[in-house]
Chemist: 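Structure provided below as structure tokens; questions to follow.
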Amino acid sequence: MEKSFVSQIADIDGDFAQWYTDVVVKTKLVDYGPVKGTMVIRPYGYAIWENIQSEFNKRFQENGYENAYFPLLIPMSFMTKEAEHVEGFAPEVAVVTHAGGEKLAEPLCIRPTSETIIGTMYGKWIESWRDLPLRMNQWANVMRWEKTTRPFLRTSEFLWQEGHSVFASAEEAEEETLRMLAVYEEFAKTCLAMPVLTGKKTEKEKFAGAVATYGMEAMMHDGKSLQSGTSHYLGQNFSKAFDIKFTDKDGAQKYGYTMSFGVSTRLIGAIIMTHGDNRGLVLPPVVAPVQVVIVPIASKKAGVLEACRELEEKLKKAGVRVKVDDSDNSPGWKFNEWEMKGVPIRIELGPRDIEAGKMTVSRRDGYEKTELPLGDAENAVASLLQEISENLYEKAKKRMEERIADADTLGELLKGVDGGNFVRAGWCGERACEDKVKEFAQATSRVAAKEHTACKCVACGKKAATTLYFARAY
RNA sequence: UGAGGUGUAGCGCAGUUUGGUAGCGCGCUUGGUUAGGGACCAAGAGGUCGUGGGUUCAAGUCCCGUCACCUCAACCA
């Protein structure tokens, strides 16, 4: 017999990378793409992304954003207008040199991010203070030629959302940067059941061309950190490079202040690694493609399939994403299959249940089965989905909070990250000290802590200017 | 680019030391019996052994070249 999924995967804490790859491949979320470092997102994986998109679109609209689309190809000359930006992205940009059978006069970059092309258009569109603020979002693919890749976490091509805004004042743009960061944090909590740390990044870790970068970091099962969203205050760096000028109320020509923010399909990787267990995926109900799977027992017996269909209809009407697995695999096989795929609720329906007017319900965040009356299935399922979401969040939050350690010295910091912790430590503000931490502990600064509690820099012992979270990162 | 490793059926692998008919498990197809935690029986399909050359009566196996991929280091949503 083939080894089961559970026995094939190593200890979840021991060989996490292998476990992750197994989950991604076996649950048919993706195939590896024909081009190295790319992935083919299969329907089950893409459905998660679509749910993420629709939840985000609601929130973006509430914040004044409209969706738009900008071109994939960016003239090289656009990229070079902002010095830091081009320097930061140059090593990972793919370039189109030929088209139509001829060498192009100017090479075209495949977008690694769209600040430059959107900035160019904004420069043409914006004339007056009345045009501001301008807020747009695009859902797109981008390409960054990464040396090492892993599905969802780092692929050469990935799908994301990038929001780009222009304001008349620095204050408004900075405020927006933090507001969208807060939208991310709320989304992570309510839709992904994922607790995150948010805060400002250091100079070393900030986006190329930004004045300030804020990040959202999530703790994975193995204690490593995954940057799962960023929001950048760009000041006037891009408005000056792309001539984003407007005539203000006082008649003066002024440069706008811009900001941008993005999350990617990496969020799906974050879900897998935050909630997954030895049985496979665990999907938060809000984004799960299938929220409830109904498994018929002895499905050839009279009335069983009919009862399943009836329940399916009832739940569908209540807005639940539900599926009846009427394939002719054995029930045990189906249980394992759907557990591996992370479906939050499984309902078993067999002759015994139907006779008793009940259904056997099993939730993915636990092992126990309970019997509930069939008559009130919609309400039971709705509240159970909510409960599962909250439970997943609480479990992940507890785990994260238990694994935040404090360090005063490099030795303590190393011990902390070795033990799978985020380490909170003081930092004097010098780049050299950050580099020293990385060299000593293979950990990087993630974000600044909201409260500055440390006194001394963990690397040099001088007075700490900030308190940072350090972690090993994906 | 520095170091190590792997290419054999859709997937995971054995076979290479010592050259001698291409194997196993899973999956797939067909039929039947089953069904409350990855069922069982039977029959079947599927491989120019990454690739080019060489040695040999004979190469998956030995020799030379070459390509691809993986892991770690370096770089990153």
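Residue numbering restarts at 1 for every chain, and letters A, B, ... go by the order of the sequence lines. Here the structure is a predicted model, which means the values were calculated and not measured.
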Chemist: May I ask you to say what A:T230 touches in the nucleic acid, namely base, sugar-phosphate or nothing, with a heavy-atom cut-off under 4.0 Å?
Modeler: nothing

Chemist: In whole angstrom, give me the gap between the P atoms of B:U18 and B:G27.
Modeler: 38 Å

Chemist: Strictly by Watson-Crick or wobble contacts shorter than 3.5 Å, is anything paired with B:G23, and which nucleotide is it?
Modeler: B:C13

Chemist: Check for me whether A:R179 meets the cation-pi criterion with A:F261, that is, NZ or CZ under 6.0 Å from the six-membered ring centre and within 45 degrees of the ring axis.
Modeler: no

Chemist: Please give, in whole Å, the distance from B:G36 P to A:I297 CD1?
Modeler: 7 Å

Chemist: Assess whether one donor atom and one acceptor atom, taken from the side chain of A:D353 and the base of B:G36, lie less than 3.5 Å apart.
Modeler: yes

Chemist: Need the pair for B:A3. Rule: Watson-Crick or G-U wobble, both distances under 3.5 Å, any strand; none if unpaired.
Modeler: B:U71

Chemist: For the side chain of A:T155, starting at C-beta, report the closest nucleotide among B:G36, B:G38, B:A77.
Modeler: B:A77

Chemist: Any idea how A:W139 and A:F56 line up, ring-wise: parallel (<30°), tilted (30 to 60°), or perpendicular (>60°)?
Modeler: tilted

Chemist: Please pick, from B:G36, B:G37, B:A77, the nucleotide with the shortest atom-to-atom distance to any side-chain atom of A:R144.
Modeler: B:A77

Chemist: Expressed in whole Å, how much space separates the C1' atoms belonging to B:C57 and B:U51?
Modeler: 26 Å

Chemist: Please give, in whole Å, the distance from B:G36 C1' to A:K300 NZ?
Modeler: 16 Å

Chemist: Between B:U48 and B:G60, how many Å separate the two C1' atoms, rounded to a whole number?
Modeler: 12 Å

Chemist: Calculate the interatomic distance between A:R446 atom CZ and B:A77 atom C1'; express it in whole Å.
Modeler: 11 Å

Chemist: Which whole number of Å gives the distance between the C1' atom of B:A9 and that of B:G53?
Modeler: 27 Å

Chemist: A:T148 side chain: which of B:C75, B:G37, B:G36 is closest?
Modeler: B:C75

Chemist: Describe the nucleic acid contact of A:P112 in one word from base, sugar-phosphate, nothing, applying a heavy-atom distance below 4.0 Å.
Modeler: nothing

Chemist: Kindly indicate, with the supporting measurements, whether the criterion ring pair (Phe, Tyr, Trp, His ring centres under 6.0 Å) is fulfilled by A:Y122 and A:F242.
Modeler: CA-CA 8 Å; A:Y122 280 5; A:F242 295 97; over 10 Å; no

Chemist: Whole angstroms only, please: what is the NZ-C1' distance between A:K301 and B:A35?
Modeler: 8 Å

Chemist: Hey, is the side chain of A:R346 pairing donor to acceptor with the base of B:G37 inside 3.5 Å?
Modeler: yes

Chemist: Choose from B:G37, B:G36, B:A77 the nucleotide whose nearest atom is closest to any side-chain atom of A:R352.
Modeler: B:G36

Chemist: Give one of base, sugar-phosphate or nothing for A:S228, where a contact means two heavy atoms less than 4.0 Å apart.
Modeler: nothing

Chemist: Whole-Å distance between B:C69 C1' and A:R150 CZ?
Modeler: 14 Å

Chemist: A:F158 ring centre to A:R266 NZ or CZ under 6.0 Å, with the angle to the axis within 45°?
Modeler: no

Chemist: Considering every strand and a 4.0 Å limit on heavy-atom distances, what is the contact class for A:Q227: base, sugar-phosphate, or nothing?
Modeler: sugar-phosphate

Chemist: Just N and O in the side chain of A:K438: are any of them under 4.0 Å from OP1 or OP2 of B:C75?
Modeler: yes

Chemist: Between A:D328 and A:K147, just flag the one whose closest nucleotide in RNA chain B comes earlier from the 5' side.
Modeler: A:D328

Chemist: Would you mind classifying the nucleic acid contact of A:E92 as base, sugar-phosphate or nothing, using non-hydrogen atoms under 4.0 angstrom?
Modeler: sugar-phosphate

Chemist: Does A:K369 get its side chain close enough to the base of B:G37, under 3.5 Å, for a donor-acceptor pair?
Modeler: yes

Chemist: Quick check for you: among B:G38, B:G37, B:A77, whose closest atom lies nearest to any side-chain atom of A:S362?
Modeler: B:G37

Chemist: Whom does B:U56 pair with, Watson-Crick or G-U wobble, provided both distances fall under 3.5 Å?
Modeler: none

Chemist: Under 4.0 Å, counting only non-hydrogen atoms across every strand here, what does A:T444 touch: a base, just sugar-phosphate, or nothing?
Modeler: nothing

Chemist: Identify whether any heavy atom of A:T113 sits under 4.0 Å from a base atom; if not, whether one sits that close to sugar-phosphate; answer base, sugar-phosphate or nothing.
Modeler: nothing

Chemist: Using a 4.0 Å heavy-atom cut-off across all strands, classify A:G262 as base, sugar-phosphate, or nothing.
Modeler: nothing

Chemist: Measure CG/A:D326 against P/B:A35 and give the value in whole Å, please.
Modeler: 19 Å

Chemist: Please state whether the phosphate of B:A39, meaning OP1 or OP2, lies under 4.0 angstrom from any side-chain nitrogen or oxygen of A:S330.
Modeler: yes

Chemist: When we call it a touch if two heavy atoms are under 4.0 Å apart, what does A:L226 touch: a base, just sugar-phosphate, or nothing?
Modeler: nothing

Chemist: Of the listed nucleotides (B:G37, B:G38, B:A77), which one gets closest to any side-chain atom of A:F335?
Modeler: B:G37

Chemist: Do the charged groups of A:E55 and A:R59 touch, with an N to O distance under 4.0 Å?
Modeler: yes

Chemist: Ring centres of A:F207 and A:F89 under 6.0 Å apart?
Modeler: yes

Chemist: If I pick the P atom on B:A22 and the same atom on B:U61, what distance separates them, to the nearest angstrom?
Modeler: 13 Å

Chemist: Flag this pair as yes if the NZ/CZ of A:K224 is under 6.0 angstrom from the six-membered ring centre of A:Y474 and inside a 45 degree cone about the axis; otherwise no.
Modeler: yes

Chemist: In whole Å, what separates the C1' atom of B:G7 from that of B:U16?
Modeler: 14 Å

Chemist: A:L181 CG to B:A77 C1': how many Å, rounded?
Modeler: 14 Å

Chemist: For B:U48, which nucleotide in any strand shown is its Watson-Crick or wobble partner with both distances under 3.5 Å?
Modeler: none

Chemist: If we check salt bridge (charged side-chain N to carboxylate O under 4.0 Å, His left out) with A:E339, which of these qualifies: A:R364, A:R346, A:K334?
Modeler: A:R346

Chemist: Rounding to a whole Å, what distance do you find between A:I271:CD1 and B:A77:P?
Modeler: 20 Å

Chemist: Using the C1' atom on both, measure B:C40 against B:G20 and round to a whole Å.
Modeler: 39 Å

Chemist: What integer number of Å spans the C1' atoms of B:U21 and B:C11?
Modeler: 26 Å

Chemist: Tell which nucleotide pairs with B:A42, taking only Watson-Crick or G-U wobble pairs whose two distances are both under 3.5 angstrom.
Modeler: B:U30

Chemist: Return the pairing partner of B:G36 with a 3.5 Å limit on both distances, Watson-Crick or G-U wobble; otherwise return none.
Modeler: none

Chemist: A:K334 near the nucleic acid: base, sugar-phosphate alone, or nothing, with a heavy-atom cut-off under 4.0 Å?
Modeler: nothing

Chemist: Between A:R446 and A:E217 (salt bridge meaning N to carboxylate O under 4.0 Å), is one present in this structure?
Modeler: yes

Chemist: B:A35, B:G37, B:A77: which one has an atom nearest the side-chain heavy atoms of A:N336?
Modeler: B:G37

